[in-house]
Asks: 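Sharing a structure, written as C-alpha cells. Questions coming.
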Amino acid sequence: LVVGTHLTTELAIERFVGVVIGALCALGASYFATPTKHTRLLRDDLEALNADLAELLAEVGAGLREDPDATTAQAWFARATGLRNRSLGAEARLADLTAHARWSPRIDPGELRLLTRSADAVRVMSTRMITITSDLAASVSDAPVPAIPPAARSPLADLLTMAADNIAADDPTGQVGTTA
C-alpha cells in the first residue's frame with residue numbers, strides 16, 4: 001500500500017533495506033540518548049535514604065535513653081513519614097526504569113535486580129520506622145496507650161542503636177548492613 005500498485009522486487013528490497021537502516025539508527029540513538037545516569041542516581045538516592053534511616057534510628061535510640069516528650073516523638077514520626085515517602089518515590093522511579101529497560105540497551109538487567117533488592121529493603125525499613133516512631137509517639141502522648149516502662153527503655157535503646165549501626169555498616173556489597 002505504501003509503494004503503490006507498481007511493487008517490484010527492487011522496490012521491495014529498497015524498502016526493506018531502508019527499514020533495517022532506520023531500525024539500526026534508532027538503536028544507536030537509543031544507546032546514546034538514554035544515559036545510565038538514571039540508575040546511578042537511583043542507587044545514590046537509595047544509599048542516601050538508607051543512611052538517613054540509620055541516622056533516624058540512631059537518634060531514636062539515643063532519645064530513648066532520656067525521657068522523650070510528645071513533640072520529639074511526633075518529630076520522629078514526621079521524619080519517618082518523609083523517609084517512607086522518599087522510598088515510595090524511589091520505587092516509582094525504579095518501576096519506570098524497569099518498564100523502559102527493554103528499550104534501552106544501556107540499562108543492565110542485573111543492576112536493575114540489585115536496585116530492586118535495595119528498594120525493597122529500604123521500603124521495609126522505612127515502613128518499620130513509621131511503626132516504631134508511631135508507637136513511641138502514642139506511648140508518650142496523652143492517649144490511653146501504655147507507656148514504655150523505664151526499665152525497658154535502655155535495652156530498647158541499645159537494640160535500636162545496634163540496628164542503626166548495622167544499617168549504616170560500611171559494606172562494599174551493600175547487602176550486609178541492609179539485611180542485618
Side-chain angles (χ1 to χ4, degrees), residues 1-60 75-134 160 162-180:
L1 290 175
V2 173
V3 180
T5 59
H6 304 296
L7 181 63
T8 64
T9 306
E10 293 82 22
L11 286 175
I13 290 174
E14 183 178 327
R15 182 80 176 150
F16 178 74
V17 169
V19 168
V20 168
I21 290 172
L24 291 174
C25 289
L27 280 174
S30 173
Y31 181 79
F32 292 110
T34 315
T36 57
K37 78 173 189 175
H38 296 296
T39 54
R40 182 175 34 84
L41 288 175
L42 184 58
R43 184 180 337 101
D44 292 346
D45 288 348
L46 287 171
E47 288 173 3
L49 186 54
N50 194 38
D52 291 345
L53 284 164
E55 179 184 329
L56 177 60
L57 194 58
E59 185 179 320
V60 170
W76 290 337
F77 178 70
R79 281 182 55 200
T81 303
L83 292 174
R84 195 264 333 260
N85 291 342
R86 280 177 50 198
S87 169
L88 294 175
E91 280 194 51
R93 288 173 43 210
L94 178 63
D96 188 48
L97 273 177
T98 303
H100 296 99
R102 67 177 151 165
W103 303 112
S104 175
R106 294 187 72 186
I107 296 177
D108 181 23
E111 187 173 4
L112 282 179
R113 281 191 295 278
L114 289 175
L115 285 172
T116 301
R117 285 179 41 193
S118 294
D120 289 344
V122 166
R123 178 182 32 82
V124 168
M125 287 186 292
S126 64
T127 303
R128 288 183 181 158
M129 278 306 301
I130 283 185
T131 304
I132 290 169
T133 55
S134 172
L160 292 177
M162 287 183 350
D165 291 343
N166 280 338
I167 291 172
D170 185 23
D171 174 31
T173 65
Q175 295 303 315
V176 173
T178 301
T179 305

Asks: Run the side chain to side chain contact (heavy atoms under 4.5 Å, CB included) test on Arg43 and Leu46 for me, step by step, so that the C-alpha distance in whole Å, both residues' side-chain angles and the decisive distance to 0.1 Å come before the verdict.
Replies: CA-CA 5 Å; Arg43 184 180 337 101; Leu46 287 171; 5.8 Å; no

Asks: Between Glu111 and Leu114, is there a side-chain heavy-atom distance shorter than 4.5 Å?
Replies: no

Asks: Quick one: pull up OG in Ser118 and CG in Leu42 and give me the separation to the nearest 0.5 Å.
Replies: 9.0 Å

Asks: Would you name the heavy atoms of Met129 and Val60 that are closest together and state the gap between them?
Replies: CE-CG2, 4.4 Å

Asks: CD1 of Ile132 to CZ of Phe77: how many Å apart, nearest 0.5 Å?
Replies: 12.5 Å

Asks: Where do Leu94 and Leu112 come nearest, in terms of heavy atoms and distance?
Replies: CD1-CD2, 4.0 Å

Asks: Can you measure from CG (Leu56) to CG (Leu160) and round to the nearest 0.5 angstrom?
Replies: 10.0 Å

Asks: Quick one: are Thr116 and Asp120 in side-chain contact, heavy atoms under 4.5 Å?
Replies: yes

Asks: Surrounding CZ of Arg123 (heavy atoms of other residues, nucleotides or ligands, distance under 6.0 Å), is the total greater than 12?
Replies: yes

Asks: Report the residues that fulfil side-chain hydrogen bond (donor to acceptor under 3.5 Å, both in side chains) with Arg93, sequence neighbours left out, ordered by chain and then residue number.
Replies: Asp45

Asks: Give a yes or no on whether the backbone of Leu83 and the side-chain of Ser87 come within a donor-acceptor separation of less than 3.5 Å.
Replies: no

Asks: How long is the straight-line distance from CZ of Arg86 back to CG of Leu49, given to the nearest 0.5 Å?
Replies: 4.5 Å

Asks: Might you point out which heavy atoms bring Leu57 and Ala164 nearest each other, and give the distance in Å?
Replies: CD2-N, 3.6 Å

